[in-house]
Protein chains: 2
Amino acid sequence: MSDSTPATIEDVARIAEVSIATVSRAIHTPEKVAKSTRLKVNQAIAITGYTTNAMARSLRLGRSNMILVVAPDIGDPNFSSILVGLENEARSHGYGVLIGHTQNDAQRAVEYLKFLNSNQAAGLILFTGILPFGHETIAARLPPSVGIFEPVFNGGIPYVGVDDEEGARKVVDLLLAEGHRKIAFIGDSRTRLAYKRRRAGYDAGLNSAGVPAELRLVQEGDGTLESGRAAVERLFVRDTLPTAFMCVNDQTALGVMIGLKARGYDIPRDFSVTGFDDVPQATFMTPALTTIRQPRTLIGKHAMALLLELLSNGLPAEMEILLRPDLVVRNSVSTPSPRWRER
Amino acid sequence: MSDSTPATIEDVARIAEVSIATVSRAIHTPEKVAKSTRLKVNQAIAITGYTTNAMARSLRLGRSNMILVVAPDIGDPNFSSILVGLENEARSHGYGVLIGHTQNDAQRAVEYLKFLNSNQAAGLILFTGILPFGHETIAARLPPSVGIFEPVFNGGIPYVGVDDEEGARKVVDLLLAEGHRKIAFIGDSRTRLAYKRRRAGYDAGLNSAGVPAELRLVQEGDGTLESGRAAVERLFVRDTLPTAFMCVNDQTALGVMIGLKARGYDIPRDFSVTGFDDVPQATFMTPALTTIRQPRTLIGKHAMALLLELLSNGLPAEMEILLRPDLVVRNSVSTPSPRWRER
DNA sequence: TGTCCCGATGTAAACCTTTACATAGCGGGT
DNA sequence: ACCCGCTATGTAAAGGTTTACATCGGGACA
């Protein structure tokens, strides 16, 4: 019973007095074995405590039950909630989740590639448009893959993302409803897909509210706290002040708030500020940041579901799944200060 | 070269004009094969792009190159930084990291047990003293394991933790240096090892400063924000106020700050508050929290190193590795308010 | 020159499954 | 009575590796 070596299918077969083929069938295709035999086998399994050896199985089948999840940085708090969704979905289908992070280092990426080539993972989940494996020739050998947040490899693989445009739209609409007209957009890099989409939501919202183009102040940066602060400085220098700062992400928003506070202003009395992403710290900022919450766990769940489907069907249900994000209203937005009314 | 099916050891052998045994040896025990042969094999490997099939290897060797990391909650931001350390160390030794989270659900734990029994993981990393697998009989079959933060299974397996007592000592010493004498300790459960150790540091510090026992106010709770707030209320009701609140963790500290602010007090002017752990939000609290930083990545690195050693040697270097945490001074501590001087 | 030993290599078994194919038994249709 | 077809089961190969054991060749030593 509690041998030193684990029970094999042969032990089960001997006890159940059948062949190993029958045991295998009783486990994986029960409908193909007579009910009485099935019973004997199940008893034998219970007695021996048999678990099928995953290595042997994977070897025979030519594919493992592991999914490799590669992110630029596992330490990122945004990552972990997505991971929860990924893991739950995988587990409930008998798959395990293997993690890796590239830290934008090509060398590490190659190591993961070896992992894949040695058949250790049946599928791959890739984060944020990174193309971790240098040569495209290598990429051709990639197992079924799904991207998260952004398409990877020229859209050659399906991905699960967020409807950033709709999220941005919700933010602008909130600001407009509060009475703002002169709303600045503080972005990161114009090349990033998220930037484009969020910017599109911003433009669409202002268009449909009839806000003229000359009231739209757009600043770019690199998405860091520092770049948010810098954007504030630039706007003050040019003396073209908005009443609200709509930021491309929460980091930037924090930078903007710090920059504004440094100049002695109160938020939201003097200026309204919004973020995007709802990072864990957003609640703890002063004031608590109004932002867009990413449905992170759901993203993970969908991405994994898509991948598993890819693994069985061979074809993805869709090339793009966009989830709808929610507006989280906290305390960083109010009506425009009368102080700027005359401008 | 870029076949549809990956190259096997046989392909390499054919090209190098040697037997597959020689190829295997050239890879794993190069000193046992003649230099000229080694060269031919290496060339053949380069030509074919061969990677050894991990499944076949694990099957033959009877052990995989995966480490299973089980935590109660992967979504926990504290977890992710540790994961970074774990992953880096594992990867650099050719191991992969498989993750799982139990969510304190026994059913899920059993699923992970299956992973272990089916040989998919050679080792196990366990978080926070959870004993995820119900029956101890099953536990007996566990692969080499290492605990994180607290010993597991009656200390039967080695673990990597933090010298909580020293951390707590650093906090008390800071408070004492600022002039505090009446320092409350807001703990969680008396049964938790972390509580005991942190409490020990608190007592030791006050002892060596000659603070009498009657000035020591100790409250217990469950470590949540709410329990911090409740502790404040209790102290106010009894009207036995300290000048500083030393909390067992950051959550509790936040609760204490909220409770204090709700009564109209200013921190750190009226009361000093300290935490423990340095969660990501600690910087963003108002005021930013003075606390003890856990060397998280380092913990992960050490734990994995210990496990890998266990896997090769069979014996752990030590049963307990305690890392030294650092004091992070922010803005939640100052000298005691003169307001309470007369008490 | 014969013997021994040692280093380098090859042969084949074993690791545990899954599954194509073969076999056996049996009921039913003609 | 014969055959067909169907169901339940068994046999054996294959999947890619590692490694104990066998083999072979050559150098050293007597």
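Note that the structure is predicted; figures quoted are calculated from it, not measured. For the numbers below, each heavy atom of this structure counts, side chains included, while hydrogens, waters and symmetry mates do not. Throughout, a chain's letter reflects where its sequence line sits, starting with A, and its residues are numbered from 1.
Partner V12(A) forms a side-chain contact (heavy atoms from CB on, under 4.5 Å) with one of T48(A), T52(A), T22(A), I20(A) and no other, that one being T48(A).
Counting heavy atoms from C-beta outward, V146(A) and I157(A) have side chains that stay 4.5 Å or more apart. Contact annotation: the side chain of Y159(A) never approaches that of I148(A) to less than 4.5 Å [non-hydrogen atoms, C-beta and beyond]. Contact annotation: the side chain of I99(B) never approaches that of Y112(B) to less than 4.5 Å [non-hydrogen atoms, C-beta and beyond].
What separates CD1 of I27(B) from C1' of dT9(C) is a distance of 16 Å, to the nearest Å. For K32(A) and dC6(D), the NZ to P distance is 15 Å, given to the nearest whole Å. Per the geometry, CG belonging to L39(B) stands 16 Å off C1' belonging to dA8(C), to the nearest Å. Rounded to a whole Å, the CG atom of N117(B) is 17 Å from the C1' atom of dT17(C). Residue E17(B) contributes atom CD, which lies 10 Å from atom P of dG10(C) at whole-angstrom precision. The separation between R38(B) atom CZ and dA8(C) atom P is 9 Å, rounded to whole Å.
Contact check on E87(A) versus R108(B) returns a salt bridge, with a Lys/Arg side-chain nitrogen under 4.0 Å from an Asp/Glu carboxylate oxygen.
If you check dA8(D), dT19(C), dT9(C) against the side chain of A34(B), the one that comes closest is dT9(C).
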Please encode protein proximity along nucleotides 11-16 of chain D as a string of B, S and -, counting only heavy-atom distances under 4.0 Å. B-BBBB
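Between Y95(A) and R63(A) the shortest heavy-atom distance is OH-NH1, 3.7 Å.
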